[in-house]
Structures are given as C-alpha cells and as structure tokens.
2 protein chains.
Amino acid sequence: MGAINLGDKFAKFSDHWSPKIIAQLNRLHIKAVKLKGEFVWHTHADTDEMFLVHSGVLTIRFRDRDEIVRAGELYVVPRGVEHMTYAAEECELLLIEPAGTVNTGDAGGDKTALNETWI
Amino acid sequence: MGAINLGDKFAKFSDHWSPKIIAQLNRLHIKAVKLKGEFVWHTHADTDEMFLVHSGVLTIRFRDRDEIVRAGELYVVPRGVEHMTYAAEECELLLIEPAGTVNTGDAGGDKTALNETWI
C-alpha cells in the first residue's frame, strides 16, 4: 500500500458530516470528513478526539468558549468534555479517534453516521 | 488550551531526528520531527507508526521496496515491519505513536532520542 494523499481522499466525496475511514493506526481510525453548518452538542465519555484541519476554518464550541482551528492546526478535545463543531463555510478535516467511535457520542439523532466506510 | 499550529511548532526547533511532543490523544503522542539523511533499520514489535508529512519528501525504506511520502500525505508502518526513514533534503513530519515509543525501536544506537520533551 502506497502513501495516502489527503487531497485525493477529500476529492472522493462531497457529503457533509459523514466521516470516511482512510487509515488505521493500532485501534484508531483516521477519518476524512467535510463539515458545513452546525453539529449537535455531544460528549465522548471514553475517548479524546483529535481534529486536524486540512482546509477551511473549524469552530469547536464548548459550553464556556469557542476555539478556532484553521488549516494546518490541530485540536484535541479531551474525553468527557461536551462540545459541538461548527463551520460557516465548508471545512475539510481529519478526525483521529478509536475505531467504533460514534460521531454524535452520547447524543444520537439524525446526524449520527452509521456504517462508516473506507475510501 | 488553543489550537496547535504545526508551522509554529516546527519553527521552534532545528535539530534532526529528535521528536518533540506537541499533543496527546489518549495514550498516543503526536510528535513533530525534522529528518535529514538516513536513519537506522529498526522494528516496532508492538505498535503501528503513522507518518504525516508537513514539508519535504520522506522515503520509507522497507527491505523489499521504498515508499515515497510527500507533503499532505500519510503512511502507516504496520507493527513488526522493519523499516528505515530517509530524506535527501530536510523533511518535516508528524509522528503519531503510543507514548513511550522509542524512535529506534529494537535497534538502539546513537540516534536513539532520550527524554523526548514537549514543545
């Protein structure tokens, strides 16, 4: 298997809020996802979650503040901390988290991504 | 803690083959490292190792082939697979691997990075 080109992976899909698995590191999945608009407030009780922005601007809302993450920046949301992602314009990012992590955490709802697939 | 800007982190050091920890995700460390020249053949028996190239060109040599990883590309070396990194010109990359992973794996020697520090 050769190198995985992030631009090539992001070119393969256009839907929002639907993470695609592009690599595995031990028990973690590396996922490519495109965001636009507002997600749901949720918490991952058992895992930290890493966001690495590839293009655009990501806002991670916490109950007490917003954090801005731009292309070439990363942010780790600690386990147990409620958060919500938001992007005014389309934002492409990598998510790194344990395989099986559900995007909506404890919240559920219609933005829950079922059957995440490899691309 | 705000977003972690990769360019800012790489601007903080200039030594080669000396990974600096920039973030933690569960039991993993995210490390920034600059390479130039040839590393040593080694194996990590217990963990995969992920390389995400930030600038330059990384060659990962295996016993049967070379893999080329450019800026914006990633590569996961599976556990137990002997490899050696090489960069003709300086290459900046992120390493993602469990905290405590030794850069030279089973090989040891004078390129072993002791006391990896946070920047």
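So that the names make sense, note that chain A is the first sequence line, chain B the second, and so on, each numbered from 1. No experiment lies behind these values; they were computed from the predicted model shown. Computed from heavy atoms alone, side chains included, the values below leave out hydrogens, waters and symmetry copies.
For chain B, the nearby part of A:Leu28 is the side chain; its heavy atoms alone come within less than 4.5 Å. If you measure heavy-atom distances from A:Pro78 to chain B, you find no contacts under 4.5 Å at all. Contacts between A:Arg70 and chain B at a heavy-atom distance below 4.5 Å are absent for every atom of the residue.
Contact count versus chain B (heavy atoms, under 4.5 Å) is highest, among A:Ile60, A:Thr47, A:Asn26, for A:Asn26. For the set B:Leu6, B:Val76, B:Val69, B:Leu25, the entry with the most heavy-atom pairs within less than 4.5 Å of chain A is B:Leu25.
Between A:Lys20 and A:Asp15 there is a salt bridge, since a side-chain N of the basic residue sits under 4.0 Å from a carboxylate O of the acidic one. Between B:Glu49 and B:Arg79 there is no salt bridge, since no side-chain N of the basic residue sits under 4.0 Å from a carboxylate O of the acidic one.
Panel note: side chain A:Trp17, backbone A:Lys36; a donor-acceptor pair is recorded below 3.5 Å.
Between A:Tyr75 and A:Phe62, the ring planes lie tilted relative to each other; the angle falls in the 30° to 60° range.
Applying the side-chain contact (heavy atoms from CB on, under 4.5 Å) test between B:Val53 and each of B:Leu58, B:Leu35, B:Ile68 identifies B:Leu58 as the sole match.
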